[in-house]
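Everything numeric here is computed off the predicted structure, so don't read it as measured data.
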Amino acid sequence: MTTPRTETFVLVHGAWHSGRVWDRVTPLLARAGHRVLTPSLTGHGERQHLLGPHVGLDTHIADVVALLRDEDLTDVVLVGHSYAGMVVSGVTDQVPERIAALVHLDAMVPADGESVLDVLPATRHLLDLAAATDTPWRIPPMLPAPDGPTPAGLFGVTDPADTAWLRTLLSDQSALCFRQPVRLANPAAAAVPRTHIHCVGGAPEAVPRRPVPAVQPNGAPSRVWELRSGHDCMVIAPDRLAELLLRVTAATGPTEPAGTPS
């Protein structure tokens with residue numbers, strides 16, 4: 001009998017969130033025998049005190065690259081949610097030899113030289129609002145009024161108890177995270193297989209989503225799955241999300257490293 005492979009998942013949270021947002025998914029993947037790491041990016045969660053105008057996309061890419069190197073992680077299933085699609089794209093470009101599979105979870109998918117503003121121009125409004133304050137470098141989370149109507153919920157979360165818990169995880173984002181472009185210049189990164197998971201049925205229609213090309217950079221057909229959930233699916237539908245992430249490992253299988261881990 002073949003022993004199931006133990007995978008290492010690195011789950012990267014989106015803007016304003018912290019690593020704790022994955023608390024409902026982590027035990028499901030661990031129960032299946034996998035290792036799961038959920039770092040909080042600089043300025044968030046237990047690292048909230050480090051937030052400053054100097055914190056940008058490059059900072060967050062460096063956070064994850066340092067984690068992979070410090071823990072000497074290889075064959076990683078790297079998952080980026082929302083803004084973290086920018087982060088994991090940059091990480092994969094820097095250390096493709098450590099990545100077995102890349103997952104864009106309802107995430108931004110940039111091209112070389114693009115920033116969040118390029119991928120999602122609607123974020124310009126948030127920067128403009130911040131520019132009119134005494135701390136123009138700080139972008140607060142998009143919180144609905146506590147007692148007001150929330151038809152789209154808080155990042156798609158509508159259950160009152162879930163919304164209350166999610167609020168405790170949110171903190172300000174540095175504007176540089178949205179302005180700084182990502183650099184994607186490493187041809188070896190093209191070999192990393194990619195999966196796109198789109199949350200459908202809960203996202204506001206006004207938020208556009210870029211179409212996924214029919215072919216991955218490695219030449220394989222693109223893999224796009226849908227998850228009926230609001231944007232923060234790890235809060236709303238952790239069971240179904242975990243099932244999809246486990247399917248990623250089954251679809252990927254053993255991989256040949258792109259080079260020597262750095």
Side-chain angles (χ1 to χ4, degrees), residues 4-40 45 75-85 87-89 99-109 142 150-170 192-205 207-212 216 220-253:
R5 289 200 316 147
T6 298
E7 304 286 353
T8 298
F9 287 87
V10 175
L11 312 179
V12 187
H13 64 81
W16 302 294
H17 293 59
S18 78
R20 285 201 57 208
V21 78
W22 303 101
D23 279 2
R24 299 177 181 181
V25 175
T26 297
L28 302 176
L29 297 177
R31 196 176 303 151
H34 304 301
R35 184 182 183 190
V36 187
L37 293 88
T38 60
S40 289
D75 286 330
V76 168
V77 179
L78 182 61
V79 182
H81 176 244
S82 195
Y83 155 78
V87 178
V88 298
S89 294
I99 312 302
L102 178 61
V103 180
H104 286 273
L105 176 58
D106 218 31
M108 300 180 187
V109 184
M142 299 180 291
T150 56
L154 178 62
F155 297 99
V157 179
T158 56
D159 178 83
D162 289 346
T163 299
W165 176 70
L166 181 57
R167 282 176 177 266
T168 68
L169 307 184
L170 302 178
V192 177
R194 293 141 203 258
T195 300
H196 301 262
I197 300 176
H198 292 165
C199 295
V200 298
E205 294 182 1
V207 178
R209 177 183 285 128
R210 285 183 171 179
V212 176
Q216 298 185 46
S222 288
R223 190 160 54 220
V224 182
W225 297 335
E226 292 187 344
L227 175 58
R228 189 149 299 277
S229 169
H231 184 56
D232 275 6
C233 54
M234 69 290 293
V235 177
I236 303 165
D239 292 346
R240 284 175 283 155
L241 174 58
E243 289 174 5
L244 287 180
L245 294 178
L246 292 173
R247 280 179 58 191
V248 170
T249 66
T252 302

### Task
Using a 4.5 Å cut-off on heavy atoms from C-beta on, say whether the side chain of Arg223 contacts that of Val212.
no

### Query
Partners of Arg240 by salt bridge (charged side-chain N to carboxylate O under 4.0 Å, His left out), sequence neighbours excluded?
none

### Short side-chain donor-acceptor distance under 3.5 Å, Ser222 and His196
no

#### Entry: Atom pair CD (Glu7) and CZ (Arg35), whose distance is rounded to the nearest 0.5 Å
13.0 Å

### Query
Counting only N and O atoms by type, is there a donor-acceptor contact under 3.5 Å from the side chain of Gln216 to the main-chain atoms of Arg194?
yes

### Nearest-0.5 Å distance, SG of residue Cys199 to CZ of residue Phe155
13.5 Å

### Query
Can you tell me if Thr249 uses its side chain to pair, donor with acceptor, with the backbone of Leu246 under 3.5 Å?
yes

### With Arg210 via side-chain contact (heavy atoms from CB on, under 4.5 Å) - residues at least two apart
Glu114, Val119

### Message
Within this structure, what is the CG-OG1 distance for the pair Asp75 and Thr6, rounded to the nearest 0.5 Å?
### Response
11.5 Å

### Summary
Between His81 and the options Val21, Val103, Val88, Asp232, the side-chain contact (heavy atoms from CB on, under 4.5 Å) test singles out Asp232

### Query
Should Val79 and Met234 count as side-chain neighbours, where that means a heavy-atom distance under 4.5 Å?
no

### Task
Mind checking the CG-CD1 spacing from Leu241 to Ile236? Nearest 0.5 Å is all I need.
10.5 Å

### Task
Go through the steps to decide whether Arg24 and Asp162 satisfy the test side-chain contact (heavy atoms from CB on, under 4.5 Å), and finish with yes or no.
CA-CA 11 Å; Arg24 299 177 181 181; Asp162 289 346; 2.9 Å; yes

## Note on the structure
Gly85 and Ala107 have their tightest heavy-atom pair at CA-CB, 3.8 Å

### Message
In the structure I gave you, are the side-chain heavy atoms of Val25 and Thr38 within less than 4.5 Å of one another anywhere?
### Response
no

## Note on the structure
Residues at least two apart in sequence or cross-chain that pass salt bridge (charged side-chain N to carboxylate O under 4.0 Å, His left out) with Asp159, listed by chain then number, are none

### Query
Under a 4.5 Å cut-off applied to non-hydrogen side-chain atoms, are Leu105 and Leu244 in contact?
no

### Task
Please assess Leu28 against Glu243 for the test side-chain contact (heavy atoms from CB on, under 4.5 Å), listing each intermediate value before the final yes or no.
CA-CA 9 Å; Leu28 302 176; Glu243 289 174 5; over 6 Å; no

### Task
Please report the shortest heavy-atom distance between Val248 and Ala101, naming the atom on each side.
CG1-CB, 4.0 Å

### Query
When rounded to the nearest 0.5 angstrom, what is the spacing between CG in Leu78 and OG1 in Thr8?
11.5 Å

### Summary
The ring-ring contact (aromatic ring centres under 6.0 Å, His included) partners of Trp22 (sequence neighbours excluded) come to none

### Task
Compare every heavy atom of Pro39 with every heavy atom of His13, then report the nearest pair and how far apart it is.
CD2-O, 3.3 Å

### Query
Among all residues two or more places apart in sequence or in another chain, which pass the side-chain contact (heavy atoms from CB on, under 4.5 Å) test with Ser89?
His104, Pro110, Leu184

### Summary
Shortest non-hydrogen pair, Val157 vs Thr163, comes out as O-OG1, 3.3 Å

## Note on the structure
Scanning both residues in full, the closest heavy-atom pair of Ser40 with Gly45 reads OG-CA, 4.1 Å

### Message
Would you compute the distance between atom CD1 of Ile197 and atom SG of Cys233 and round it to the nearest 0.5 angstrom?
### Response
7.0 Å

### Task
Mind checking ring-ring contact (aromatic ring centres under 6.0 Å, His included) for His34 and listing every partner two or more places apart, or none if nothing turns up?
Phe9

### Query
Under a 4.5 Å cut-off applied to non-hydrogen side-chain atoms, are Thr168 and Trp165 in contact?
yes

### Task
Heavy atoms only: give me the nearest Leu29-Ala242 pair and the separation to one decimal.
CD2-O, 4.0 Å

